[in-house]
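Numbers here simply count residues along the sequence, with the first being 1. What you see below is based on every heavy atom in this structure, not just the backbone, and it leaves out hydrogens, waters and symmetry mates.
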Amino acid sequence: KKYQRADWAQRPLPPELHGAERARCQHLVFGVVRHFGRLEVALARLVAHPPRFATRGVLFVAGFELLDAAGEAAADGRVAKIVHHAVEQTKTLASPAEARLVNAVVRKLAAALASPAPPAAAEPAQLAEFFSHPEWLVRAWLAQFGAEATRELLEWNQQPATVYARWRVAAEPPPSFLKPTKWPGFFEVESGHWGEVEPLLKTGKLYLQDPGTRLAVELLAPQPGESVLDLCAAPGGKSLLIADAIKSGRLVAMDLPGPRIGRLKENLARVSGVDVALVQADVLEGAASALREHKLPGSFAAVLIDVPCSNTGVMRHRADVKWRLQAGDFKKHPRQQLALLHAAARLVAPGGRLVYSTCSIDTEENERVVAGFFNSRAGGPFKLEASTLCFPWVTGHDGGAAFRLRRDVK
């Protein structure tokens, strides 16, 4: 199966759909994607022959609404409303005959989805079905993390992501509706405040950002007035965090030309007090020549490369990743990641530091890539100085890893 990115699938939403209605639509779409595996299996047991696409869509949405309503005090009444709404939608989108099918199936689906979560010691297939993850991925995590941690990870991934934001104005206190967190500068944005949030985003005072993004930048420890190179920089959240940390000096952000450059430009435009340069180039081919063309230095005291990866540490935010990920990606990605790390190392000045980071929690993309670098000749001038491994079910925010390598002064 080939799966489209969930955010791309929502692009056709009509512009007049906004506010609470748009938020509700997004909640339903991402909910179905997040629980797709469990819903697909449950519906297959109740419907011998898959109905037309529109009817199938109604059944999946109703299934997620049933899961969403689980545990509510008035659950029985909510189920009746879900059934009624599904039937009425099917009459409009399909036919009265299919509406009768939907009526019967959704009533049975409510009971089918009422089973309790399996224990950590359950079979991989049972865990994969209930928590809607590919079985091969569950097996890989069981081998890497063990039963208890894997069970916690699966449960974590199935919850809607908390919305976090970073307050960027040191001289001004954040508004009271932002809920403080244990991570300085980061706040939880509770529902019902979008009208207050939107103007703050437009002025640049507030930036929507998960606290997990700070880990690589903190490990890089950019200093005031320093020149920093951010590779694979788009969409620019870490670039903005670096600029806010150095306050003066120079920030060079590099990434491939493409649709993500627009977001990077937008974020770099919010920087003040720092000399910012955007370089559109392939890090693997011609990075040094692109820097020369822009009359920029060929080496930097601080280099960050946040490489493309499997995104296994951010599946709560990106619910569709698990369906698009293939087992072969854990062989393909590390090859590209190691090549990117080699390319980044060539741009580090003597005595400088390089941070390799991912939003993956898997060893193949983290420790093994760094070990591969040190096993090559290019690793000779470097030493591993520090590292951070972040597991989301432990920290309470997105997961990932970061490694700081220091180059010899010679």
Side-chain angles (χ1 to χ4, degrees), residues 1-4 6 9 24-72 74-91 93-95 97-139 141-142 150-151 153-160 315-316 319-325:
K1 296 180 181 179
K2 290 186 177 180
Y3 297 94
Q4 188 183 52
R24 176 62 180 167
C25 181
Q26 291 173 335
H27 177 69
L28 293 173
V29 169
F30 283 107
V32 169
V33 172
R34 186 173 285 114
H35 295 277
F36 178 77
R38 185 179 177 192
L39 295 173
E40 184 179 45
V41 171
L43 286 169
R45 290 169 179 158
L46 297 173
V47 184
H49 303 288
R52 286 190 292 172
F53 181 81
T55 304
R56 195 163 180 256
V58 170
L59 289 171
F60 271 96
V61 170
F64 168 63
E65 288 183 304
L66 290 169
L67 290 174
D68 209 25
E72 291 187 4
D76 291 342
R78 178 76 186 274
V79 169
K81 288 181 180 179
I82 292 169
V83 173
H84 175 75
H85 184 254
V87 168
E88 294 304 309
Q89 289 298 309
T90 309
K91 288 179 182 176
L93 297 171
S95 68
E98 286 168 290
R100 289 192 290 275
L101 169 71
V102 166
N103 180 54
V105 170
V106 175
R107 291 181 185 279
K108 294 177 182 176
L109 190 59
L113 295 174
S115 58
E123 290 297 314
Q126 188 180 359
L127 292 168
E129 178 184 323
F130 185 89
F131 291 107
S132 290
H133 281 66
E135 186 177 338
W136 68 265
L137 186 58
V138 173
R139 289 183 180 277
W141 283 343
L142 286 169
T150 298
R151 171 68 166 68
L153 171 58
L154 294 171
E155 188 171 10
W156 167 271
N157 285 346
Q158 290 307 96
Q159 304 303 314
M315 283 185 171
R316 182 182 264 199
D320 55 330
V321 162
K322 60 189 174 185
W323 304 124
R324 293 188 288 109
L325 196 62

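Shown here for T150 and V138, the closest heavy-atom pair between the two residues is CG2-O, 4.3 Å. Listed here is the closest heavy atom pair of A112 and S115: O-OG, 4.0 Å. What you find for L113 and G63 is that their closest heavy atoms are CD1-O, 3.6 Å. Residue R78 comes nearest to A69 through the heavy atom pair CG-CB, 3.4 Å, listed as atom of the first residue, atom of the second, then distance. In terms of heavy-atom proximity, A86 sits nearest to V58 at O-CG1, 3.5 Å. The nearest pair of heavy atoms linking A42 to L109 is CB-CD1, 3.8 Å.
Side chain of E129 to main chain of G37: no donor-acceptor pair is present (N/O by atom type, distance under 3.5 Å, no hydrogens or angles). Judged by distance alone, the side chain of R34 and the main-chain N or O of R316 form a donor-acceptor pair under 3.5 Å. A distance-only check finds no donor-acceptor pair linking the side chain of R151 to the backbone of A122 [under 3.5 Å]. Between the T90 side chain and the A99 main chain, no donor and acceptor come within less than 3.5 Å of each other.
One finds the CD atom of Q158 at 3.5 Å from the NZ atom of K322 (value rounded to the nearest 0.5 Å). A distance of 10.0 Å separates CG in L142 from CD in E123, rounded to the nearest 0.5 Å. Expressed to the nearest 0.5 Å, how far CG of D68 lies from CD1 of I82 amounts to 8.0 Å. Note that CG of N103 is 9.0 Å distant from NZ of K91, once rounded to the nearest 0.5 Å.
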**Q.** Audit row: R38, L67, side chain to side chain contact (heavy atoms under 4.5 Å, CB included) steps and yes/no
**A.** CA-CA 10 Å; R38 185 179 177 192; L67 290 174; 3.4 Å; yes
Q.
Test side chain to side chain contact (heavy atoms under 4.5 Å, CB included) on V106 and L59; report intermediate values, then the result.
A. CA-CA 7 Å; V106 175; L59 289 171; 3.8 Å; yes
**Q.** Test salt bridge (charged side-chain N to carboxylate O under 4.0 Å, His left out) applied to E98 and R56, step by step
**A.** CA-CA 10 Å; E98 286 168 290; R56 195 163 180 256; over 6 Å; no
Q.
Go through it in stages, so that I can follow the logic: the residues are V32 and L28, the test is side chain to side chain contact (heavy atoms under 4.5 Å, CB included), and I'd like the CA-CA distance, side-chain angles, deciding distance and then a yes or no.
A. CA-CA 6 Å; V32 169; L28 293 173; 5.5 Å; no
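Other residues, nucleotides and ligands contribute over 12 non-hydrogen atoms within 6.0 Å of the CD atom of E88.
Here the side chains of L137 and M315 are in contact, with some heavy-atom distance below 4.5 Å. Put simply, the side chain of L93 does not reach to within 4.5 Å of the side chain of T55, judged on heavy atoms.
Listed by first and then second residue, the ring-ring contact (aromatic ring centres under 6.0 Å, His included) pairs that reach into residues 108-134 are H133-W141, sequence neighbours excluded.
Relative orientation of the F36 and F60 rings is parallel, given thresholds of 30° and 60° on the angle between their planes.
Under the 6.0 Å cut-off for aromatic ring centres, H27 and F64 qualify, their centroids lying closer than that.
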